[in-house]
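Below is one structure; the comments refer to it alone.
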There are 2 protein chains.
Amino acid sequence: MSNVQVLPLLEPEAAVAPCCPPLTERPFSAEEAEVAARMFKALGDPVRLRLFSAVASHEGGEACVCDISDVGVSQPTVSHHLKKLKDAGLLTSERRGTWVYYRVEPSVLAAMGQLLSTAAGP
Amino acid sequence: MSNVQVLPLLEPEAAVAPCCPPLTERPFSAEEAEVAARMFKALGDPVRLRLFSAVASHEGGEACVCDISDVGVSQPTVSHHLKKLKDAGLLTSERRGTWVYYRVEPSVLAAMGQLLSTAAGP
DNA sequence: CGTCTATGTTGACACACATCGAACCAAGCG
DNA sequence: CGCTTGGTTCGATGTGTGTCAACATAGACG
C-alpha cells in the first residue's frame, strides 16, 4: 500500500516562483515535470476545465458553486472536481454564509503562462 | 485583393484560433473544453512532459528518439508516450534512415499560450 | 427545535491509463 | 543473406480516475 499522503503544503511563495522554466528552454528534470504535470493534469479533464474557466471568467474573479455547477454532471461530481482543482493549487475556496465561493489562485495563470512562453517572444 | 489578412481580434472562432479563447475570457463550452482538455491531458504526465520539453528545447526544434529516451522508463513506454503526444497533435514524427525524429507542432505552443493568456498581462 | 437548501464526503463500479516484456518491423552492414 | 541496432506494436497487469447514489454536514429560517 503506497498510499502515503504526504502533501507538502504549498507555501504561497513556493507556489509562485519555482515551478518551471519555459518548456522550450531546456529539458525538464523529473522534479520539474512532476510539478508541472500536476497542473496540466488538473486541467486535463473537460469538466474541470469548464469549472475552472467559469470561475476564472466570472466577474470579481470568484464564483459560487451554484453559479458554475451546470456542466452536465451530478452535483457530487462537481464537488469532486472542484476539490481536485483545489488540491492542485489552482483554486481556493471560502464559505460565506450559505454558499461556497471559489476563486482562481492568481499565481497559477502566471506560472502556466511562463511554462508555455516561447523564448522568442513578440 | 487576394492577400488580405484578417485579424481575428474579435472573432474567436475565426481564422487562427486553433481551439479556444483565453480561459479567463468566458466560460468554456463543452466542445471547447473537450478540445483544450485533450492538450492539457497530453501534457499531464511527467514522462510526456519531459519528452515534450526535450523535443521542444532540442536544437533545430527536433530530436531523435535516441536522444530523449532517457526519462526513466522502458523504451516501449517512451514510444507509447510519444505516440500519445503525436495523437494529441503536439508532436510530429519523421523517419530519416535509421532514426526517427520528433518535432514540436508550432501552432500548439501558440494555442496553449493563448489559452493561458490573461487579458491583462503581468 | 425542526426543516429546508447548499456542499462536501463515502462507497462502489466501470473504464482508462501507465508500464513492462516479448514479439515484431525497418534500416544499415558484414 | 544473416546479424545488429533503433523503434513500434501487442498482450497482460496493476493502478488511477470519473461518475453516481446515498449519506453527512453547515447555515438559514421559521
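Because only heavy atoms are used, hydrogens play no part in the values below, and waters and symmetry mates are left out as well, while side chains stay in.
- Between the CZ atom of Arg95(B) and the P atom of dT8(D) there is a distance of 8 Å, rounded to whole Å.
- Remark: the backbone N or O of Cys20(A) is paired with a side-chain donor or acceptor of Gln114(A) at under 3.5 angstrom.
- Taking a 4.0 Å limit (strictly below) on heavy-atom distances, residues 36-57 of chain B does not reach DNA chain D anywhere.
- In terms of modelled atom types and a separation under 3.5 Å, the side chain of Ser69(B) and the main chain of Val65(B) share a donor-acceptor contact.
- Of the candidate nucleotides dT9(C), dG28(C), dT7(C), dT9(C) has the atom nearest to the side chain of Pro76(A).
- Nearest to the side-chain atoms of Thr77(B) among the listed nucleotides dC20(D), dC20(C), dG27(D) stands dC20(C).
- Considering only side-chain N and O atoms, His80(B) lies nowhere under 4.0 angstrom from the phosphate OP1 or OP2 of dC10(D).
- In this structure, Glu94(A) atom CD and dA26(D) atom P are separated by 17 Å, rounded to whole Å.
- For dG8(C), the base has a donor-acceptor partner in the side chain of Gln75(A) [N/O atoms by modelled type, under 3.5 angstrom].
- Contact between the side-chain N/O atoms of Trp99(A) and the OP1/OP2 oxygens of dG27(D) is not found at any separation under 4.0 Å.
- Pairs of residues two or more places apart, or lying in two chains, that qualify as side chain to side chain donor-acceptor pair (under 3.5 Å) and include a residue from residues 53-65 of chain B are Glu62(B)-Arg96(B), Glu62(B)-Arg103(B).
- Between the CG atom of Asp87(A) and the P atom of dG8(C) there is a distance of 12 Å, given to the nearest Å.
- Between Leu82(B) atom CG and dT19(C) atom P there is a gap of 12 Å when expressed in whole angstrom units.
- Between Lys84(B) and dA18(C) there is a side-chain N or O to OP1 or OP2 distance below 4.0 Å.
- Per the geometry, NZ belonging to Lys83(B) stands 17 Å off P belonging to dT19(C), to the nearest Å.
- Remark: the backbone N or O of Ala42(A) is paired with a side-chain donor or acceptor of Arg48(A) at under 3.5 angstrom.
- Arg50(A) contributes no side-chain N or O that, together with a main-chain N or O of Ala33(B), makes up a donor-acceptor pair within less than 3.5 Å.
- Between Phe40(B) and Met39(A), every side-chain heavy-atom pair lies at or beyond the 4.5 Å cut-off.
- For Tyr101(B), no side-chain nitrogen or oxygen approaches OP1 or OP2 of dG6(D) to under 4.0 Å.
- Arg26(B) and Glu32(B) are joined by a salt bridge, as a carboxylate oxygen and a charged side-chain nitrogen come within less than 4.0 angstrom of each other.
- At dA27(C), none of the side-chain N or O atoms of Thr98(B) fall inside 4.0 Å of OP1 or OP2 (strictly under the cut-off).
- Whole-Å rounding puts the His81(A) NE2 to dG16(D) C1' distance at 14 Å.
- Rounded to whole Å, atom P of dG8(C) lies 11 Å from atom CG of Leu91(A).
- Rounded to an integer number of Å, the gap from CG of Asp70(A) to C1' of dA6(C) is 16 Å.
- Nearer to the 5' terminus of DNA chain D, by closest-nucleotide assignment, is the contact made by Ser74(A) (compared with the other of Ser74(A) and Arg96(A)).
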